[in-house]
Amino acid sequence: MVRRKDFETDEWYYCGSIIGEDFRLEHEQEKKERHDEKYESHKQRAKERQQRLSEEGREIGPLPQCADPELVSACREDLRRFMLTFGNDAELTEPLFPDPFCDAQEYAISAVQETLLHGGDRPLCLPRGFAKTTICEWGIAWALVYGHQKFILIIGAKLKLAQQILANVKWIMGTSLFSACFPELCYPIERLEQCMGRAPGQTLNGIHTNIKSNSDILVCPTVEGSPSSGSIVTTSGLDGAIRGLKYGPYRPTAIVIDDPQTEKSAESVTQTEKRWNLLSGCIKGLGGRKTRLAMIATITVQRPDDLSEKILKEWGGRRFSMLRSLPKNMELWEEYNTLRKLGIHNFQTTEEQIRQCTDFYIQHRAEMDEGAEAEWPTSFQPGEISAIQNAMNKFFEDKKTFFAEYQNRPLAVYDLSHNLKFEEITAKIIQLPRYEIPLECERVTAGIDIQQDCLYWVVTSWGTGFRGHVMDYGRYPDGNATIQTKFPGVGEKDAFYLALMDLLPKLGDRVYERADGTRIKTSRILIDANRGLFTPQVRRSCFDLSRILINPGFQERGEVPEFKYHEGLFEPVFGWGKGDCEEFVRGLPKPGEERGDNWQRLPRKEINLVRHTRYDTNYWKSNVRTFWQAPLKAAGSLTLFRGDEVLHWTFIQHQLSEKSEPFTGTRGTIDKWTMTPNTENHLWDCLIMATVAEATLGGSLESGTPAISSETVSYTADWLTLADANLNGPPDSKDSPDTGGGTIYTADWNSIGM
């Protein structure tokens, strides 16, 4: 047995026998247990230390004391004092409100205060640059910090504009005096040191502050006893997902809407109506059932009858202008403007131009200021000496912008009352029977609009200078029947083809009589082929009806049928409505192509079977509207056959189904036509196509462009002559095409391959 020493423990042990081996194993086990115990103890101490340090880092208490409780109390019900106190903080680089507020700004401040305290709707219609958005930003900060509003929603025309307002509100809260006076709001946010990753763990006196802050939202710190505790400010664009907006259990209590329209939407009647419906419906319904919602809208009137004017009309409120009245002696101001233009022409610097104009203004100031009164007398730029001079500089730079953006009284640059009215059409009903052609008319055209289950058509007659008359119109099949019920047992496309093959000959071969006894047939019928599903059937029917049989009786003689092709009576037509953003037609005419006033008649291609016509829908709809509004007997005037409002009710409603609005594209401003919801426009479209048909036959507006052709296209046989010579001519019946007349052909079309 050997005696050995353990140098780690300084203990001796015996080995070399069973007793010694057991002793050694027992010793090693005790050693391991002591080591594990020390390690666990170390881990526990480290964990406790880390937890203590973490808690010390997350805990931000105690809260600093307010620097000036009396000042805070004085501003509680006074937004104006709040703005002047904290906006003119001595530690700011420069005061935000160095000049006295003008009457318009005083009104706006009072309106924002009253609305945020008591709710209601209030528009702020101040000129551009009068700080109406800034007043709202300070109003939001004031309402939050004093607890006047729990949940404020900021809405901009675009989301980024609303986010910028929220960023400015956060900047206000970060100013030194504001932070010192409202530590319960600012101190927890400052302790995050712009690291929002710390926000979930931050506590004050052991209670989580629950701060949330990003570009879209600010949730104020949860602080016991603080008026702003847990208050919310969030943002949205007017086109965003606003409906049913909530944050947790909270709904908005106040909404600030900044410039809810864009320049483009102000020009659009449809957009104006859409945005108004959004404001008065969806947005106004965001508050809780028992909440008196506070709504403030900063607006600038850009167009007559735009969204801003609608808000002013419905919500009330005052409209302020940069100049309350314009100067009387405009001759001197014109001389002033001449100096300004000469300075630009002579490449003078901006400073030189301003100095030269200002010297002239100083010499004649009394006369030039006569009659003029500025809303904000202290608002002018460096180099200028009065607010009147500043306003007149803007006047001469762009009169349209001056009256819209700075006067809130835009010039009537576009008359939105020009759309058709019911009484304008009824006034054009004349005492001429259905189907009869007026004496001044010498040509007949028609237009057919295709629908999924029926066809609509309008027949017109025309004289020189687009003196037009609507002689007939209708629906095929008559009444409430459909094409599918009229041709049962065939496919949808085949039924549609059969319907065209039934209606087109009836319209094309009808003979109309003029008051002097002259008989006139239809010269051209345009069929809408824009409905892609049925475009091939339109082309095929036009092609089949343009084949003239030149060897009648071929079956008896054992001959093969021979045809002569004559295009022109029936043609597909395609409307083009892309507006003024691109050219309607480009390049020189191709061989066989015809062009006219915003229409194009393309040559035939084998793949298309027949040639077709294209036209600018916006342009020709505006023309037809003008025809309805023109006086009787005037060039470019439309009339309607004898009847009353009851007889023509459907036709007139179709004429009133679309409205136009100004649309500005790369090549100027045009009428952009859109359909009024829940209306039908089929007979309106038919009339447009019938008018374009007249244009393709040589009809032109007095101010229009006559038709041009790159190549004279002639035919050896005349369609009407051949139709009368080789086939039985059309009956003289004046019955409606849907109720009588029958087919005019004696040949069996199916037997000759039709």
Side-chain angles (χ1 to χ4, degrees), residues 415 417-447 449 457-473 512-516 518 520 522-526 596-599 615-645 647-660 670-671 673 681 683-707:
D415 182 10
S417 65
H418 63 297
N419 283 306
L420 272 175
K421 300 175 180 61
F422 186 88
E423 57 273 14
E424 289 175 335
I425 299 178
T426 56
K428 303 302 284 294
I429 300 173
I430 61 176
Q431 295 304 311
L432 200 66
R434 193 169 194 159
Y435 315 118
E436 188 168 318
I437 302 176
L439 283 172
E440 63 270 16
C441 294
E442 54 194 22
R443 199 155 42 213
V444 175
T445 64
D449 187 46
W457 49 270
V458 169
V459 179
T460 54
S461 56
W462 300 93
T464 305
F466 275 106
R467 288 176 172 86
H469 175 67
V470 178
M471 300 190 300
D472 195 12
Y473 58 81
Y512 298 93
E513 189 170 305
R514 202 163 59 186
D516 60 359
T518 304
I520 301 175
T522 307
S523 298
R524 180 159 295 160
I525 299 175
L526 296 182
D597 201 2
N598 284 278
W599 61 265
Y615 70 98
D616 185 336
T617 57
N618 291 305
Y619 177 83
W620 281 102
K621 286 178 180 179
S622 296
N623 281 340
V624 173
R625 175 192 61 206
T626 304
F627 296 166
W628 279 125
Q629 294 174 331
L632 287 167
K633 302 297 182 181
S637 176
L638 269 172
T639 55
L640 181 58
F641 65 84
R642 185 170 60 203
D644 56 19
E645 296 178 0
L647 175 65
H648 292 306
W649 177 262
T650 300
F651 178 80
I652 295 174
Q653 294 307 311
H654 282 227
Q655 304 304 299
L656 303 176
S657 62
E658 294 193 20
K659 306 294 183 183
S660 72
I670 65 161
D671 281 332
W673 287 82
N681 66 343
L683 294 173
W684 165 252
D685 285 340
C686 291
L687 180 57
I688 305 303
M689 289 182 277
T691 307
V692 174
E694 164 63 11
T696 64
L697 291 168
S700 65
L701 302 165
E702 291 184 350
S703 59
T705 305

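Worth knowing before you read on, the calculation uses all heavy atoms, side chains too, and leaves out hydrogens, waters and symmetry mates. In this text the structure is predicted, and so the values were computed from the model without any measurement. All residue numbers refer to positions in the sequence shown, counting from 1.
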query: Closest heavy-atom contact between G636 and A630?
result: O-CB, 3.3 Å
- request: Over all heavy atoms of both residues, which pair between E694 and G463 is shortest? Give the atoms and the distance, please.
  value: OE2-O, 4.3 Å
task: Let me see the working for N623 and T691 under side-chain hydrogen bond (donor to acceptor under 3.5 Å, both in side chains), right down to the final yes or no.
output: CA-CA 9 Å; N623 281 340; T691 307; over 6 Å; no
- request: Taking the six-membered ring of F627 (Phe, Tyr or Trp), confirm whether the NZ or CZ of R467 is under 6.0 Å from its centre and within 45° of its axis.
  value: no
To the nearest 0.5 Å, what is the distance between [atom1] on [X] and [atom2] on [Y]?
X	Y	atom1	atom2	answer
R524	L697	CZ	CG	4.5 Å
L420	S657	CG	OG	9.5 Å
L638	Q655	CG	CD	8.5 Å
I688	D616	CD1	CG	11.5 Å
D685	H654	CG	NE2	10.0 Å
T639	Q431	OG1	CD	11.5 Å

field: side-chain contact (heavy atoms from CB on, under 4.5 Å) assessment of T696 paired with W599
entry: CA-CA 8 Å; T696 64; W599 61 265; 3.6 Å; yes
task: Given side-chain hydrogen bond (donor to acceptor under 3.5 Å, both in side chains), test D671 with S622 step by step and report yes or no.
output: CA-CA 7 Å; D671 281 332; S622 296; 2.8 Å; yes
Are [X] and [Y] packed together at the side-chain level, in the sense that at least one heavy-atom pair is separated by less than 4.5 angstrom?
X	Y	answer
I430	L632	yes
D449	W457	no
D472	V458	no
S637	K428	yes
Y512	T522	yes
H469	L432	yes

Between [X] and [Y] (side chain of the first, backbone of the second, donor and acceptor by atom type, cut-off under 3.5 Å), is there such a pair?
X	Y	value
N681	W684	no
Q629	T626	no
N598	W620	no
R514	C441	yes

Stepwise side-chain contact (heavy atoms from CB on, under 4.5 Å) check, R443 with S461: CA-CA 5 Å; R443 199 155 42 213; S461 56; over 6 Å; no
message: If you apply the rule side-chain contact (heavy atoms from CB on, under 4.5 Å), what do you find for Y615 with L526, and how did you get there?
response: CA-CA 11 Å; Y615 70 98; L526 296 182; 5.9 Å; no
query: Hey, do the aromatic rings of F641 and Y473 have their centres closer than 6.0 Å?
result: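 Yes - the distance between ring centres of F641 and Y473 falls below the 6.0 Å cut-off.
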query: Does the ring center of W673 lie less than 6.0 Å from the ring center of Y619?
result: no
Ring pair (Phe, Tyr, Trp, His ring centres under 6.0 Å) assessment of F466 paired with W628: CA-CA 11 Å; F466 275 106; W628 279 125; over 10 Å; no
message: Checking M689 against V692 for the side-chain contact (heavy atoms from CB on, under 4.5 Å) test, could you report, in this order, the C-alpha distance in whole Å, the side-chain angles of both residues, the deciding distance, and whether it holds?
response: CA-CA 5 Å; M689 289 182 277; V692 174; 5.6 Å; no
message: Please determine whether a side-chain nitrogen of the Lys or Arg among K621 and E658 lies less than 4.0 Å from a carboxylate oxygen of the Asp or Glu.
response: yes
task: Just do the side-chain hydrogen bond (donor to acceptor under 3.5 Å, both in side chains) check on T445 and T460 with the steps written out, would you?
output: CA-CA 5 Å; T445 64; T460 54; 2.9 Å; yes
field: Partner of H648 by side chain to side chain contact (heavy atoms under 4.5 Å, CB included), out of V470, I429, I425
entry: I429
